[in-house]
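In this text, all values refer to a predicted model and were calculated from it rather than measured experimentally. Residue numbers begin at 1 in each chain, while the letters A, B, ... track the order of the sequences.
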Amino acid sequence: MSEEKSLHFLEEIIEDDLKAGKYQSILTRFPPEPNGYLHIGHAKSICLNFGLGIKYGGKTNLRFDDTNPVTEETEYVESIKDDIRWLGFEWANEFYASDYFSNLYEYALVLIKKGLAYVDDLTSEEIAHLKGTPTEPGKDSPYRNRSVEENLTLFTAMKEGKYKDGEKVLRAKINMAHVNMLMRDPIIYRIKHAHHHRTGDAWCIYPMYDFAHGQSDSIEHITHSICTLEFVPHRELYDWCIENLEIFPSHQYEFARLNMTYTVMSKRKLLQLVNENFVSGWDDPRMPTLSGFRRKGYTPGSIRNFCDKIGVAKRENMIDISLLEFCLREELNASALRVMAVLEPVKLIIDNYEAGKTEIMISENGPDESMGTREVPFSKELWIEKEDFMEVPVKKWFRLAPGAMVRLKSAYIVKCESFDKDAAGHITAIHCTYLPESRSGADTSGIHVKGTIHWVSAAHAVNAEVRLYDRLFKSENPAAEEGDFKEHINPDSLHIITDAKLEPSLTTATPDHRYQFLRKGYFCVDKDSTADKPVFNRTVTLKDTWVKEAKRY
RNA sequence: UGGGUUAUGGUGUAACGGUAGCACUACAGAUUUUGAUUCUGUCUGUCUUGGUUCGAAUCCAGGUAACCCAACCA
């Protein structure tokens with residue numbers, strides 16, 4: 001208990017600030033743009049911002065950065081709030097950048113009056129052309145030296161809708177030769193005659209990100225404004241605005257965003273997958289969205305734990321998705337209810353077992369005794385997995401094969417006597433005899449078998465659809481591959497089994513429980529599930545050292 | 001070719017001038033009525049070249065590499 005976890009750089013900054021008395025308490029914020037669903041990369045930011053608030057006794061605001069009405073929708077606002085709550089965090093205040101449109105407009109006026117902003121009539125192409133390149137300085141716009149009065153008149157007219165989209169913009173007057181491209185008279189207001197999801201048609205001019213984000217932070221008195229690395233060059237402009245507006249000095253700090261193997265993490269790409277029907281929607285279980293992970297059966301705790309384990313730093317990273325799966329299995333192993341389900345069924349007939357007889361077997365619900373036990377019916381005809389029988393066994397095979405014995409989990413030891421094949425050579429039934437004295441919990445047979453397999457009584461089985469998901473991409477880093485990232489989609493990312501056989505206890509399965517289908521993986525009830533047709537999603541497989549071993553033969 | 005940011009095992013992340021540690025992965029073994037879990041063990045690392053120092057992953061100088069910046073997106 002004595003070992004102390006070292007602090008990451010943001011925690012160090014905060015502790016220094018607190019110690020120096022710079023702030024009495026901290027205030028962070030999570031600032032999504034409502035133009036898409038949240039993904040696992042956002043989870044890192046959410047856990048960081050809210051986690052810091054909790055750790056240092058501060059607060060965290062949720063603020064929607066909704067300054068671009070053409071891409072933003074209320075549907076996204078709702079999904080984002082659902083996802084944050086699901087992850088387990090509560091925001092101190094729900095704010096919107098659009099709440100501050102009036103303040104922001106006043107700030108623009110302040111800049112104009114100080115001679116630090118001007119209205120430009122150039123087209124977007126002309127502005128881009130005069131901007132220069134990273135190696136060549138830009139050139140001044142011919143409209144750069146308009147008088148304060150003229151700028152005031154023009155900007156007011158912009159606000160009043162006297163101009164069409166793109167006809168004029170308001171620019172900060174900084175330095176067209178600045179080495180930082182963002183400081184070369186950045187556009188801070190543009191005209192968009194578009195309906196805003198919250199302000200409706202009240203405005204036809206909207207502030208750009210750089211003229212909204214820092215000021216919004218300042219208005220809320222955010223102490224530590226944490227964002228990702230690509231915003232590093234924006235910090236200079238962020239500080240410039242705050243300084244020249246003479247408002248509360250929030251400070252921006254940047255960390256490296258999360259990248260994960262076998263997936264993509266940009267909203268633009270995820271939107272493509274949805275729009276072009278590569279997946280069924282934002283919450284398709286193959287998506288790296290929080291709603292996708294939720295539907296697939298991931299727990300919020302496992303994601304929080306993952307975000308804690310990956311750390312926070314400033315270097316580019318590519319996290320192995322197996323770490324996320326490790327966190328998931330760690331939690332599910334301790335909490336999931338154990339049940340038996342046969343995914344690829346083949347009939348097993350116990351020749352020396354009385355026809356029509358049913359025995360009730362007692363099986364434990366989990367590794368922890370406190371999870372209790374349940375009753376599982378057993379009879380002469382059972383379903384077992386096709387893959388648990390080998391006509392010609394390989395080395396180290398300790399499942400069923402002609403003449404071989406296995407334990408039927410929580411029931412008897414059986415010995416394979418023969419099997420039936422159809423004309424096509426498929427095995428249609430496996431005949432066994434059982435050892436009556438080997439009953440689970442009362443075994444006097446003295447026989448120890450190496451293999452134990454799961455089963456479901458055919459007469460009592462419940463049919464179900466089971467959806468098996470695999471990674472969406474074949475490539476570790478599809479975004480970095482040549483060509484379109486969609487060329488690297490895994491064609492076998494979804495395998496649907498329509499006639500899985502479940503033990504009858506699963507008829508009462510609920511969406512809020514996680515189940516371990518013994519030896520097969522963790523599963524949950526899908527939202528498509530009905531009483532007539534149960535549907536289960538595979539959350540993740542169990543680790544399987546046998547598949548690797550089997551490949552050697 | 002300008003500016004900014006970053007370099008520690010296969011992947012993440014610590015070590016704040018004093019034994020390069022932890023986790024994941026991989027591999028080997030033990031236990032196991034889940035080939036799961038659990039337990040034990042093994043492999044692999046300070047970008048490079050100099051310098052300062054009794055001592056450098058850490059400080060200094062020069063290289064090299066990766067990522068970001070020329071949207072009326074955020």
What I want to check is whether the side chains of A:Glu359 and A:Tyr412 have a donor and an acceptor closer together than 3.5 Å. yes
Assess, by modelled atom type and distance only, whether the side chains of A:Asp65 and A:Tyr96 contain a donor and an acceptor separated by less than 3.5 Å. no
For atom C1', what is the distance between B:A14 and B:C24, given to the nearest Å? 15 Å
Distance under 6.0 Å and angle within 45° of ring axis: A:Lys314 vs A:Phe255: no
How close or far is atom C1' of B:G35 from atom CD of A:Glu387, stated in whole angstroms? 11 Å
Using a 4.0 Å heavy-atom cut-off, does A:Leu122 contact any base of the nucleic acid, only the sugar-phosphate backbone, or nothing at all? base
Rounded to whole angstrom, note down the C1' distance from B:G12 over to B:U6. 15 Å
Whole angstroms only, please: what is the CD-C1' distance between A:Gln252 and B:G4? 13 Å
Using the P atoms only, state how far B:C60 lies from B:U25, rounded to an integer number of Å. 38 Å
Select one nucleotide: of B:A74, B:U5, B:U1, the one nearest the side-chain heavy atoms of A:Arg190. B:A74
Is the gap between the ring centers of A:His234 and A:Tyr238 under 6.0 Å? no
Has A:Arg329 got a side-chain N or O lying under 4.0 Å from the OP1 or OP2 atom of B:A36? no
Applying a 4.0 Å non-hydrogen cut-off, can you work out what A:Val232 is touching in the nucleic acid: base, sugar-phosphate, or nothing? sugar-phosphate
Hey, are the side chains of A:Tyr76 and A:Tyr37 touching, using non-hydrogen atoms and a 4.5 Å cut-off? yes
Ignoring backbone atoms, establish whether A:Lys548 has a side-chain N or O less than 4.0 Å from OP1 or OP2 of B:A28. no
How would you label the contact of A:His234 with the nucleic acid (heavy atoms, under 4.0 Å): base, sugar-phosphate, or nothing? base
Under 4.0 Å, heavy atoms only, any strand: does A:Arg338 hit a base, just the sugar-phosphate, or nothing? base
A:Asp308 CG - B:G12 P separation (whole Å): 18 Å
Is A:Gly441 touching bases, backbone alone, or none of the nucleic acid, heavy atoms closer than 4.0 Å? base
Counting side-chain heavy atoms from C-beta on, which of B:G35, B:A74, B:A23 comes nearest to A:Phe398? B:G35
From the options B:C72, B:A26, B:G2, select the nucleotide whose nearest atom is closest to the side chain of A:Pro134. B:G2
Nucleotide nearest A:Lys409 when distance is taken to its side chain, options B:U33, B:C27, B:G35: B:U33
Could you please name the option among B:A7, B:U5, B:C72 that lies closest to any side-chain atom of A:Leu229? B:U5
Sugar-phosphate, base or nothing in reach of A:Glu236, heavy atoms under 4.0 Å: nothing
Please state whether the phosphate of B:A36, meaning OP1 or OP2, lies under 4.0 angstrom from any side-chain nitrogen or oxygen of A:Thr545. yes
Is the shortest side-chain N/O distance from A:Thr67 to OP1 or OP2 of B:A74 below 4.0 Å? yes
Count the heavy atoms belonging to other residues, nucleotides or ligands that lie under 6.0 Å from NZ of A:Lys415, then report whether that count exceeds 12. no
Looking at A:His193, I'd like to know if its NE2 atom is crowded, meaning that more than 12 non-hydrogen atoms belonging to other residues, nucleotides or ligands lie closer than 6.0 Å. yes
Using atom P of each nucleotide, how far apart are B:A26 and B:A36 to the nearest Å? 12 Å
Taking only the side-chain heavy atoms of A:Arg315 (C-beta and beyond), determine which of B:U8, B:G35, B:A15 contains the nearest atom. B:U8
Let's see if you get this right: which residues in residues 316-328 of chain A place a heavy atom under 4.0 Å from RNA chain B? A:Glu316, A:Asn317, A:Met318, A:Ile319, A:Asp320, A:Ser322, A:Leu323, A:Phe326
Taking atom C1' in both B:U5 and B:U37, compute the distance separating them and give it to the nearest angstrom. 43 Å
Could you check A:Ile191 against A:Lys168 for side-chain contact (heavy atoms from CB on, under 4.5 Å), going step by step and ending with a plain yes or no? CA-CA 7 Å; A:Ile191 300 169; A:Lys168 285 183 166 43; 4.2 Å; yes
Of the candidates B:U6, B:C68, B:U25, the side chain of A:Lys314 sits closest to B:U6
Regarding the side chain of A:Ala313, the nearest nucleotide among B:U13, B:U33, B:A74 is B:U13
For A:Cys241 against A:Phe211, the heavy-atom pair lying closest together: SG-CD1, 4.2 Å
Per nearest nucleotide of RNA chain B, the residue lying toward the 5' end, A:Val179 or A:Lys131, is A:Val179
Hydrogens and angles aside, do A:Glu33 and A:Thr71 bring a side-chain donor and acceptor to less than 3.5 Å of each other? yes
Stacking check A:Tyr209 vs B:A74 (5.5 Å / 30 deg): no
Taking OP1 and OP2 of B:C22, is either one under 4.0 Å from a side-chain nitrogen or oxygen of A:Lys309? no
Could you check whether A:Asp544 gets within reach of a base, just the sugar-phosphate, or nothing at all, counting any heavy atom under 4.0 Å? sugar-phosphate
Looking only at atom P, what distance separates B:U44 and B:C54, rounded to whole Å? 33 Å
What residue among A:Tyr206, A:Phe155, A:Tyr107, A:Tyr209 forms ring-ring contact (aromatic ring centres under 6.0 Å, His included) with A:Tyr189? A:Phe155
A:Phe231 side-chain proximity, nearest of B:G3, B:A74, B:A14: B:A74
Where are the stems of RNA chain B, defined as at least 3 consecutive Watson-Crick or wobble G-U pairs with both distances under 3.5 Å? B:2-7 with B:64-69, B:10-13 with B:21-24, B:26-30 with B:38-42, B:47-51 with B:59-63
If you only use heavy atoms from C-beta on, which nucleotide in B:A74, B:C16, B:A15 is closest to the side chain of A:Glu12? B:C16
A:Glu254 CD to B:C67 P: how many Å, rounded? 19 Å
Between A:Lys520 and A:Ala256, the residue closer to the 5' end of RNA chain B by nearest nucleotide is A:Ala256
Would you say A:His454 and A:Asp388 make side-chain contact, with heavy atoms under 4.5 Å? yes
Answer with base, sugar-phosphate or nothing: what part of the nucleic acid does A:Ile310 contact at a heavy-atom distance below 4.0 Å? sugar-phosphate
Classify the side chain of A:Arg399 and the base of B:G35 as holding, or not holding, a donor-acceptor pair under 3.5 Å. yes
Please give, in whole Å, the distance from B:G35 C1' to A:Trp397 CH2? 10 Å
Using a cut-off of less than 4.0 Å, is there contact between a side-chain N or O of A:Lys543 and OP1 or OP2 of B:U25? yes
Restricting to non-hydrogen atoms, name the atom on A:Lys309 and the atom on A:Phe326 that form the minimum distance, rounded to 0.1 Å. CE-CE2, 4.0 Å
For B:G17 and B:A57, measure between their P atoms and round to the nearest Å. 13 Å
Using the C1' atom in both, what is the distance from B:A20 to B:G29, to the nearest Å? 28 Å
Are OP1 or OP2 of B:U33 and a side-chain N or O of A:Lys450 less than 4.0 angstrom apart? no
Hey, does the side chain of A:Ser124 come within less than 4.0 Å of B:C72's phosphate (OP1/OP2), counting only N and O? yes
How close do A:Cys416 and A:Cys432 get, counting heavy atoms only, and between which atoms? CA-SG, 3.8 Å
